[in-house]
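Counting starts at 1 for both ligands and their atoms, in listed order. Quick caveat, the model's predicted, so the values are computed rather than measured. Numbers here are sequence positions counted from 1.
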Amino acid sequence: MAIVVQKFGGTSVANAEKIKRAAQRVIQRVKEGYSVVVVASARGQQTDELIADAHELNPEPPERELDQLLSTGEIQSVSLFAMALHAEGHNAISFSGGQIRMMTDGVHTKARIKSIDASRIQKELDAGKVVLVAGFQGIDDDGNITTLGRGGSDTSAVALAAAMKAEECEIFTDVDGVYTTDPRIFKDAVKIDKISYDEMLEMASMGAGVMHSRSIELGKKCDVRIHVRNSGNENKGTIITSEEEAQMEEVVVSGATIQKDMAKIGLVNVDHKPGNAARVFSKLAEARVLVNDIIQTEVGPKKANLTFTVGSSDLKAAKKAIDDVRDTVGCEDIFVHDNIAEVSIIGVGMRSHYGIAEKMFTSLFKAGVNIDLITTSEIRISCVVEKKDAERALIAVCKAFDLDKPVGKRKKYPRK
Ligand code: ADP
Ligand code: ASP
Ligand code: MG
């Protein structure tokens with residue numbers, strides 16, 4: 001029997017009414033003849049509330065205990081969901097991540113999935129049950145509960161879809177799909193019908209909170225077709241798929257993102273000699289800091305400046321790592337700024353068209369936004385700006401690239 005994975009985000013299971021409605025989406029698929037695996041997130045804002053509870057008792061809660069606590073939110077959701085299905089006469093069974101041996105590494109609060117025991121799930125599907133799995137969590141080799149990072153239930157769902165060779169992974173959320181940018185900030189953003197894994201990965205990594213970036217990495221690696229859609233209506237959402245299938249060649253810029261929870265650390269006048277960058281970044285890796293952008297510039301034959309950005313939650317660990325290594329690399333001064341944000345544009349069409357960077361920088365200039373740092377990939381241009389300017393910058397960029405218009409009505413750019 002063909003399998004489909006359906007993931008319901010926090011708002012889609014926020015209360016009994018919403019769980020009942022979500023259960024109907026599952027029943028619909030069962031009636032179509034599919035075996036259904038459901039992944040659910042914690043209800044509503046429960047993860048935030050649990051984090052607040054933890055901080056009330058300890059400003060720096062041990063990460064193992066935090067994972068143990070946070071995992072309970074998703075377990076409540078799936079057991080309640082299973083009860084709702086039983087009430088409708090459908091056989092269903094719920095599991096924690098550990099119970100289906102969702103094996104992860106031992107990095108608490110940002111663990112990575114290593115493997116899943118598909119046989120246990122398959123046995124229950126073969127017995128005619130809907131299988132519900134708590135999202136966002138796994139278990140390490142020593143039996144400790146781990147979590148996958150905020151928004152991580154998407155990754156649980158895509159990993160399950162890959163392990164079960166599902167036909168599709170449906171991500172049910174509170175918007176109609178992936179939009180050209182966050183519709184909460186730019187209300188005229190338009191829904192994207194199809195987007196390639198690479199573009200979605202850049203968007204998710206650069207702040208589009210609609211999908212957990214790791215889920216897209218996995219989706220690409222395992223060729224999982226992902227359908228992001230609204231749990232509150234039947235509209236077709238956004239398909240995340242291979243570049244060939246997405247066929248977005250004529251779209252130059254597919255989307256824009258904003259990342260606000262960021263900080264920048266600069267090492268001023270580091271000795272310009274082989275091995276120093278390696279020393280700095282191995283210290284950061286040891287401290288398990290995720291570094292976003294890195295910029296090094298020469299300031300003379302003997303010295304260089306080294307600047308990098310990190311998520312705000314990693315700032316403390318990053319600062320400590322840098323303090324530990326500064327003397328070894330001859331660093332004369334360190335600056336830390338946490339009042340920055342990053343605005344990015346993303347599109348595979350950038351590879352084959354001219355004038356994109358110029359358009360972005362001009363739109364920021366016209367909006368009176370100063371650019372602090374610029375970084376690029378083959379399909380992305382990012383500008384670090386002051387946090388106070390960030391939303392204005394995003395809106396200016398969206399307007400410049402017609403991200404409020406359907407694809408056919410956007411300005412054309414010369415081809416390379
Ligand atoms: P869930 O709880 O279902 O996982 P999330 O809050 O994680 O939902 O993700 C959905 C939210 O992501 C939307 O409400 C929207 O505000 C935000 N978002 C950010 N960027 C985008 C984008 N490009 N397209 C759609 N939604 C986005
Ligand atoms: N409940 C977790 C969070 O709020 C995971 C998720 O929603 O995907 O981050
Ligand atoms: Mg989410």
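Residue contact check for ligand 2: Gly151 places a non-hydrogen atom closer than 4.0 Å to it. Ligand 2 does not have Gly73 within reach: every non-hydrogen atom of the residue lies 4.0 Å or more from it.
In terms of N/O distances under 3.5 Å, ligand 2 is approached by Thr47. Of the polar atoms of Gly149, none of the N or O atoms is found under 3.5 Å from an N or O of ligand 2, judged by distance alone.
At a threshold of 4.0 Å, the pair Glu60-Lys316 counts as salt-bridged, since one of the basic side-chain nitrogens sits closer than that to a carboxylate oxygen. Taking a cutoff of 4.0 Å between a charged side-chain nitrogen and a carboxylate oxygen, Arg112 and Glu217 qualify as a salt bridge. Between Arg392 and Asp389 there is a salt bridge, since a side-chain N of the basic residue sits under 4.0 Å from a carboxylate O of the acidic one. Between Asp404 and Lys187, none of the side-chain N atoms (NZ, or NE/NH1/NH2) sits under 4.0 Å from a carboxylate O, so this pair counts as no salt bridge. Between Glu286 and Lys320 there is no salt bridge, since none of the side-chain N atoms of the basic residue sits less than 4.0 Å from a carboxylate O of the acidic one.
Within the cation-pi definition used here (under 6.0 Å to the ring centroid, within 45° of the axis), Lys411 qualifies as a partner of Tyr413.
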Ligand 1 N/O to protein N/O, distances under 3.5 Å:
residue  : atom   : partner : partner atom : Å
ligand 1 : 2 (O)  : Gly10   : N            : 3.2
ligand 1 : 3 (O)  : Thr173  : OG1          : 2.7
ligand 1 : 4 (O)  : Lys7    : NZ           : 3.1
ligand 1 : 8 (O)  : Thr173  : OG1          : 3.1
ligand 1 : 14 (O) : Asp174  : OD1          : 2.9
ligand 1 : 14 (O) : Asp174  : OD2          : 3.4
ligand 1 : 16 (O) : Asp182  : OD1          : 2.9
ligand 1 : 16 (O) : Arg184  : NE           : 2.7
ligand 1 : 16 (O) : Arg184  : NH2          : 3.0
ligand 1 : 23 (N) : Tyr179  : O            : 3.0
ligand 1 : 24 (N) : Tyr179  : N            : 2.9

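Between Thr104 and the choices Thr146, Asp140, Asp141, the side-chain hydrogen bond (donor to acceptor under 3.5 Å, both in side chains) rule is met once, by Thr146.
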Only pairs under 3.5 Å count here: list side-chain donor-acceptor contacts from residues 4-13, not counting sequence neighbours, and write none if there are none.
residue : atom : partner : partner atom : Å
Gln6    : NE2  : Glu170  : OE1          : 2.8
Lys7    : NZ   : Asp154  : OD1          : 2.7
Ser12   : OG   : Ser231  : OG           : 2.8

Report the C-alpha separation of Glu167 and Tyr34 in whole Å, then their side-chain angles, then the decisive distance to 0.1 Å, and conclude whether the side-chain hydrogen bond (donor to acceptor under 3.5 Å, both in side chains) test is met. CA-CA 10 Å; Glu167 201 175 284; Tyr34 285 96; 2.7 Å; yes
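Close approach of ligand 2 to Arg150 is summarised as follows: ligand atoms under 4.0 Å from at least one heavy atom of the residue are 3 (C), 4 (O), 9 (O). Heavy-atom contacts of Ser41 reach the following atoms of ligand 2: 6 (C), 7 (O), 8 (O) (cutoff under 4.0 Å). For ligand 2, the atoms closer than 4.0 angstrom to any heavy atom of Glu74 are 1 (N), 2 (C), 5 (C).
Counting heavy atoms only, Ser153 comes closest to atom 6 (C) of ligand 2 of the residues Ala157, Ser153, Ala40, Ala42.
Remark: Asn144 CG to Arg64 CZ distance equals 4.5 Å, nearest 0.5 Å.
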